[in-house]
Amino acid sequence: MKRNAFFLLLITFSLMNSNGETLRELAETRGIYIGSASNLRLQTDKQYADVLGREFSMMTPENDFKFHKTHPENGRYTFESGDAYIQFAEKHNMQVRGHALLWHQATPKWVTEAEWTRESLLDLMREHIQTVAGRYSGKLYAWDVVNEYFEQDGSVRKSVWSETIGADYMEIAHRTAREFDPTARLIVNDFDIAKINKKSDALYEWVKDAKQRGVPVDGVGFQMHVPFNYDFDEVEFLANLQRFADLGLEIHITELDVRIKEPVTPEKLQQQATLYGDILRACLKQPACKVFVMWGFTDRSSWIPRFFTGFNDALIFDREYKPKPAYHTLKSVFANKN
């Protein structure tokens with residue numbers, strides 16, 4: 001009896017110890033970064049900061065590195081918020097993804113409503129990248145250089161950058177970013193590219209051509225804002241990842257969240273958990289997949305209710321910072337338990 005009791009105690013201790021491992025500890029054993037988009041709540045909400053620093057090895061500032069935040073007026077840059085993320089990351093031994101140097105939706109009106117020639121806007125673009133990427137040179141794991149460059153049909157998205165400079169603005173942006181931040185991985189980040197379709201085909205062809213011509217591009221970022229009943233096809237997803245990996249690129253899951261249509265039920269939460277687990281499992285099957293970042297971690301601070309009417313609860317911690325089924329599923333997948 002004593003012998004059996006000893007082994008039972010040993011097994012119980014082992015299980016408790018395993019369950020006590022954080023996401024970042026488990027991700028480290030699998031050789032990838034686990035991350036979350038973050039906001040300045042980390043300065044005012046101790047629970048938020050504690051969970052972020054404990055569970056994640058990477059963060060993406062949700063808005064504060066974007067053009068309209070860092071460069072709100074012509075000739076004026078603001079870095080107080082951006083610097084706060086770097087300080088937090090250094091304190092908690094985290095990596096930072098810079099998001100994003102250029103994005104059509106984060107371009108301020110002083111840019112979009114002004115009159116520019118190709119050369120004058122090129123000068124502004126280069127100055128902006130030099131100033132922002134240069135300030136954080138050597139401090140970031142990666143930059144999303146141009147966010148959402150393509151339309152759904154694979155054409156170049158219309159923006160002040162593409163319509164004034166031309167479609168080559170992304171190439172020029174990548175070359176400039178490499179010049180002023182030589183160590184950061186330079187990523188092409190977009191949505192609706194998880195499946196093989198016109199958009200992901202266009203991105204693939206652009207990257208393939210860019211690599212052949214010596215344009216510095218180091219990886220592809222898959223956003224993956226999806227509903228809980230998303231039709232995830234692992235075979236197609238892995239085939240898609242493989243063609244990018246074959247070009248020598250890193251794969252980053254950059255903005256994953258799984259929104260639930262209200263009312264939220266235990267069944268939907270389990271469906272959400274399964275989908276989170278399936279996407280992580282696929283990432284772990286592809287050696288080029290180095291980054292798994294969710295677009296936030298707590299339902300207390302999420303963009304979903306503001307942009308998707310009738311949907312909510314998209315993240316892996318609830319509003320009280322309690323782990324949801326999705327959190328436990330991710331831990332199980334990392335531990336290779338299912």
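Just so it is clear, the values below take in all heavy atoms, side chains as well, and ignore hydrogens, waters and symmetry mates.
Checked by atom type and distance alone, the side chain of Thr78 pairs as donor or acceptor with a backbone atom of Lys69 at under 3.5 Å. Under the 3.5 Å distance criterion, the side-chain polar atoms of Arg126 are left unmatched by any main-chain donor or acceptor of Ala173. For Lys290 (side chain) and Pro287 (main-chain N/O), a donor-acceptor pair under 3.5 Å exists by modelled atom type. The backbone N or O of Ala288 lies less than 3.5 Å from a partner atom in the side chain of Gln286, making a donor-acceptor pair. Remark: the backbone N or O of Pro263 is paired with a side-chain donor or acceptor of Lys268 at under 3.5 angstrom. Between the side chain of Arg319 and the backbone N or O of Arg300, no donor-acceptor pair lies under 3.5 Å. Looking only at distances, no side-chain donor or acceptor of Arg185 sits under 3.5 Å from a matching main-chain atom of Ala142. Formation of a donor-acceptor pair under 3.5 Å by the Arg41 side chain with backbone atoms of Lys46 is not found in this model. A distance-only check finds a donor-acceptor pair linking the side chain of Lys324 to the backbone of Leu315 [under 3.5 Å]. In this structure a side-chain-to-backbone donor-acceptor pair under 3.5 Å is missing from Asp278 to Glu234.
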Let me see the working for Gln105 and His68 under side chain to side chain contact (heavy atoms under 4.5 Å, CB included), right down to the final yes or no.
CA-CA 9 Å; Gln105 288 193 20; His68 70 300; over 6 Å; no

Checking salt bridge (Lys or Arg N to Asp or Glu O under 4.0 Å) for the pair Asp144/Arg97: CA distance, chi angles, key distance, verdict?
CA-CA 8 Å; Asp144 293 332; Arg97 295 188 79 261; 2.5 Å; yes

Go through it in stages, so that I can follow the logic: the residues are Glu62 and Tyr85, the test is side-chain hydrogen bond (donor to acceptor under 3.5 Å, both in side chains), and I'd like the CA-CA distance, side-chain angles, deciding distance and then a yes or no.
CA-CA 10 Å; Glu62 188 170 4; Tyr85 294 99; over 6 Å; no

Audit row: Tyr33, Phe292, ring-ring contact (aromatic ring centres under 6.0 Å, His included) steps and yes/no:
CA-CA 6 Å; Tyr33 292 105; Phe292 189 87; over 10 Å; no

Please determine whether side chain to side chain contact (heavy atoms under 4.5 Å, CB included) holds for the pair Ile86 and Leu140, giving the CA-CA distance in whole Å, both sets of side-chain angles, and the decisive distance to 0.1 Å.
CA-CA 8 Å; Ile86 300 298; Leu140 301 185; 3.7 Å; yes

List the steps and the verdict of side chain to side chain contact (heavy atoms under 4.5 Å, CB included) for Glu250 and His252.
CA-CA 6 Å; Glu250 283 193 8; His252 293 189; 2.7 Å; yes

Run the numbers on Asn189 and Glu255 for side-chain hydrogen bond (donor to acceptor under 3.5 Å, both in side chains), then give the verdict.
CA-CA 9 Å; Asn189 190 56; Glu255 303 184 25; 2.9 Å; yes

Audit row: Arg259, Phe228, side chain to side chain contact (heavy atoms under 4.5 Å, CB included) steps and yes/no
CA-CA 6 Å; Arg259 59 189 180 271; Phe228 72 104; over 6 Å; no

Could you go through the side-chain hydrogen bond (donor to acceptor under 3.5 Å, both in side chains) check for Asp83 and Gln87 one step at a time?
CA-CA 6 Å; Asp83 290 352; Gln87 292 164 8; 5.4 Å; no

Under the side-chain hydrogen bond (donor to acceptor under 3.5 Å, both in side chains) criterion, do Asn197 and Ser200 qualify, and how do the steps go?
CA-CA 5 Å; Asn197 53 33; Ser200 63; 3.2 Å; yes

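Ser332 and Thr329 share no donor-acceptor pair across their side chains, judged by distance under 3.5 Å alone. In this structure, a donor-acceptor pair under 3.5 Å is absent between the side chains of Gln271 and Asn229. Neither side chain, Glu73 nor Trp110, offers a donor N or O lying under 3.5 Å from an acceptor on the other. Using a 3.5 Å distance cut-off with no hydrogens or angles, the side chains of Glu163 and Tyr169 do not pair a donor with an acceptor. For the residue pair Asn240 / Glu236, no side-chain donor-acceptor distance below 3.5 Å is found, with atom types taken as modelled. A side-chain donor-acceptor contact under 3.5 Å links Ser301 and Asn39. Using modelled atom types and a 3.5 Å distance limit, the side chains of Arg281 and Asn336 yield no donor-acceptor pair.
Note that NE2 of His225 and CZ of Phe307 are 10.5 Å apart. Values are rounded to the nearest 0.5 Å. Here the OG1-NZ distance, from Thr298 to Lys322, works out to 12.0 Å after rounding to the nearest 0.5 Å. To the nearest 0.5 angstrom, Ile316 atom CD1 is 7.5 Å from Ser36 atom OG. To the nearest 0.5 Å, the span separating CG on Leu42 from NE2 on His92 amounts to 9.0 Å. To the nearest 0.5 Å, the span separating OG on Ser162 from CZ on Arg157 amounts to 9.5 Å. Leu122 CG to Trp116 CH2: the interatomic distance, rounded to the nearest 0.5 Å, is 11.0 Å.
A centroid separation of less than 6.0 Å is found between the aromatic rings of Phe308 and Trp303. In this structure, His99 has its ring center no closer than 6.0 Å to that of Phe65.
Using a 4.5 Å heavy-atom cutoff, the side chains of Val220 and Leu203 are in contact. Counting heavy atoms from C-beta on, the side chains of Ser159 and Thr107 never come closer than 4.5 Å. Inter-residue side-chain proximity for Met58 and Val291 is flagged as met; some heavy-atom pair is nearer than 4.5 Å.
Relative ring orientation between Phe222 and Phe237 is described as perpendicular, the plane-to-plane angle rising above 60° on a 0-90° scale split at 30° and 60°. Classified by interplanar angle (parallel below 30°, tilted 30° to 60°, perpendicular above 60°), the ring pair Tyr321/Phe297 is tilted. Using a 30° and 60° split on the angle between ring planes, Trp143 and Tyr136 fall in the tilted class, from 30° to 60°. Using cut-offs of 30° and 60° for the angle between ring planes, the Phe67 and His71 rings count as parallel.
In this structure, Arg24 and Phe56 approach most closely via the heavy-atom pair NH1-O, 3.0 Å.
None of Thr70, Asn63, Asp64 except one satisfies the side-chain hydrogen bond (donor to acceptor under 3.5 Å, both in side chains) rule with Lys66; the exception is Asn63. For the pairing with Ile34, the side-chain contact (heavy atoms from CB on, under 4.5 Å) check across Glu55, Glu25, Met294 returns one residue only, Met294. Under the salt bridge (Lys or Arg N to Asp or Glu O under 4.0 Å) test applied with Asp168, the options Arg118, Arg213, Arg175 reduce to a single match, Arg118.
Stacking of Arg243 on the aromatic ring of Tyr204 is recorded, both the 6.0 Å distance cut-off and the 45° axial limit being met.
Residue-environment remark: CD (Glu80) stays at or below the threshold of 12 foreign heavy atoms within 6.0 Å. Enclosure of atom CD in Gln95 by more than 12 non-hydrogen atoms of other residues, nucleotides or ligands within 6.0 angstrom is indicated. Open room surrounds NZ on Lys139; 12 or fewer heavy atoms of other groups in view lie less than 6.0 Å from it. The environment of Lys195 atom NZ is dense: over 12 non-hydrogen atoms of other residues, nucleotides or ligands sit within 6.0 angstrom.
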